[in-house]
Amino acid sequence: MSTAATLIRVRLPDGSTREYPEGTTVQGVADSIGKRLAKAAIAGKVDGRLVDLSHALRGDASVEIVTEERPEGLEVLRHSGAHLMAQAVRRLYPGAKLGVGPVIEDGFYYDVDVGRTLSPDDLPKIEAEMKKIAEEAIPVRRRELSKDEAIRIMQGRGEALKIEMMNQDIPDPTVSCYEQGEFIDLCRGPHVPDTGRLTAFKVLKATGAYWRGDQSKQMLQRLYGTAWATRKDLETYLFRMEEAKKRDHRRLGQELDLFSFQPVAPGAPFFHPKGAIVYNLLIGLMRELYQKYGYQEVVTPQIFDVSLWHTSGHYANYKDKMYFTLSDEREFAVKPMNCPGHTFIYAHSKRSYRELPLRLADFGRLHRLEQSGEIAGLTRVRSFSQDDAHIFCAPEQIESEITGVVKMLTEVYTIFGFSSPRVCLCTRPEKSIGSEEMWQKAEAALAAALQANGIAYAVAKGDGAFYGPKIDYQVRDALNREHQLATIQLDFSLPERFDLRYTSAADREERPVMIHRAILGSLERFFGVYLEHCAGNFPVWLAPVQVAVLPIADAFNGYAREVAEALAGKGLRVKLDDSNHRASAKIAIAQQQKVPYMAVVGEREQRDRTVSLRERSGGDKGAIPLDDFVRRVTEENGARR
RNA sequence: GCUGCUGUAGCUCAGCCGGUAGAGCACUUCCUUGGUAAGGAAGAGGUCUCGGGUUCAAGUCCCGACAGCAGCUCCA
């Protein structure tokens, strides 16, 4: 160390300040703090900017050491994982071209062109090569290069895609590259100091992906991988994935006999009796709340003359997703939305401001021709219904109406155990109708309503409906995955297109505003999301079978029938299992069907007029009097628990 | 829609280098009448998704259709 070295002041997260010679690296700072930290360090944060450990400090700065357990540390680890995978691919498939390799939730991917499609057999080979490179502990070096020089290097390596990126997307005159052994990649970084830091990773799958997500461009192979700080974390993650698979709603739908799909109607679910019970209970809940929140339910047609869709703007903006039919020499379209139909009910009579807000709800079946590759289980279907409603109101009622929707929605989500939703304000999309002022007014009104209710939200530019901006609600499920459910859309266009009016207090003809809103959203999608959320363990009020009555032997079938009738008499859903299985088999079957309560009856129960209770969560809960049991389940059912 | 993978009994799946189809569960019948996660036996059940092609011979190989699954910018 030169005696003339200038000292710089480094502020640490705990507020303390230390002095170091200028040029000290982040690793150097970590080393000076402690052995454990020095070892766990994976990157640094200098004045809030993520940098490599090898980053040399050139002046006073606040420095944070990022360890691999921290979210940023994991991100660095995963980004390096992507490089490691790319290096393995370059070693195994000479001439392979690299696309992009970003970090994603729980892992990373890298798009590569290896001149053919990769099969599942390729994955273990790639992973084995990655292990080899990791064990070599190759130092990772950052290089700042001029763009021209970087392009020359990439040309030498045949990296056509990287060159395209530099030419088209990177305006900066200099770029950074990361080098590890014979491998070099264009990358912002930061990265781990050497490949030996990668100890827990796995190559997960390979699929096709278009270069830059553009269908007209070449198809690359997207390799997915994951990396974690420790092997244990990796195992936990893989276990979590297995658990998620077990509660996949398509699988549960089959196992619990809730619904099915048939090739004759792609994207259109068939709800079996048990599934239909749940489906109708969801509708029942909403109907009850409609009463409370002042909605009126209507029933409207399925198909309309195309002229209606021309007026509404759907023909121009939504035609690709609509079903058409030529019948009676007249062209009709199957409705993809309820809104235009509702305008007819509104316009059927002369409306006064005294009637507003008019809230019309409709569980009508909708059909949308989603792209064949988009449809999946219940989450993306072509035939569905929504807990849909349209609120016709005066402009000055917008805020209070939206407040009302927000209140109702909170009540609903509480019932289902979805908490802290994320809210988005979606603005004007490219394909849309209505004037610019109209949109600005509508977007401002939604923002005002959100602010008035103290709701934090993000803006999703261009994600609105074609007729107006919207507020979307995303909830997190039991596995911490996000799902979009509620939507609240503001619409000044349809009232104009259908020339809707009301007479104001000042006896003037005014234009109402329409608020489109759904809380569960599509009932089909909600069904799927909730089924996964509860893993098929429906609460008592939603369970297709609430109680399974299980006689120990035929001799007690009579009493078992009495028990079943006592429950059914209270409107409860009961299944009497009078098969000749043994009690333990009957229990296993009911357990697998995730029935909340099992009432086992034998000689003792018959004598004492009790049932031996067993809950889905397992274990014999002992005998309770039949009357008490009926009361308990009835109460729980009514309370929607 | 595009790319890849898959399609065998009601369900989950096996079926080798092409030689006429198998298991477990479920179902039917019989035996068993049992106390908290599956008692035993017998039987029935298949146009191997559909349509073409290659072959002496196709569930198996090739082409096409349909359906399902995964993916299709979370921007170096």
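If you're wondering where the values come from, they're calculated on a predicted model, not measured in any experiment.
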Q | A:Tyr110 side chain near B:rU73 phosphate (N/O to OP1/OP2, under 4.0 Å) | A | no
Q: Assess whether one donor atom and one acceptor atom, taken from the side chain of A:Tyr109 and the base of B:rC74, lie less than 3.5 Å apart.
A: no
Q: Consider the side chain of A:Arg604, meaning its heavy atoms from C-beta on, and name the nucleotide among B:rG35, B:rC75, B:rU3 that approaches it most closely.
A: B:rG35
Q | Side chains of A:Glu615 and A:Tyr597 in contact at under 4.5 Å (non-hydrogen atoms) | A | yes
(Q) Whether A:Arg250 contacts B:rA70 is assessed here as follows: a side-chain N or O lying under 4.0 Å from the phosphate OP1 or OP2. Is that the case? (A) yes
(Q) Check the phosphate of B:rA38 against A:Arg582, side-chain N and O only, distance under 4.0 Å to OP1 or OP2. Yes or no? (A) no
Q | Derivation of the side-chain hydrogen bond (donor to acceptor under 3.5 Å, both in side chains) call for A:Thr195 and A:Gln180 | A | CA-CA 8 Å; A:Thr195 59; A:Gln180 53 198 53; 5.9 Å; no
(Q) I want to verify a distance call: between B:rU32, B:rA37, B:rC72, whose nearest atom is closest to the A:Glu374 side chain? (A) B:rC72
Q: For the side chain of A:Arg222, starting at C-beta, report the closest nucleotide among B:rC72, B:rG68, B:rA38.
A: B:rC72
Q | Closest nucleotide among B:rG35, B:rA76, B:rG68 to the A:Ile552 side chain | A | B:rG35
Q: Kindly indicate, with the supporting measurements, whether the criterion salt bridge (Lys or Arg N to Asp or Glu O under 4.0 Å) is fulfilled by A:Arg142 and A:Glu144.
A: CA-CA 7 Å; A:Arg142 180 187 172 93; A:Glu144 311 259 353; 2.9 Å; yes
Q) Under 4.0 Å between a Lys/Arg side-chain N and an Asp/Glu carboxylate O for A:Glu182 and A:Arg91? A) yes
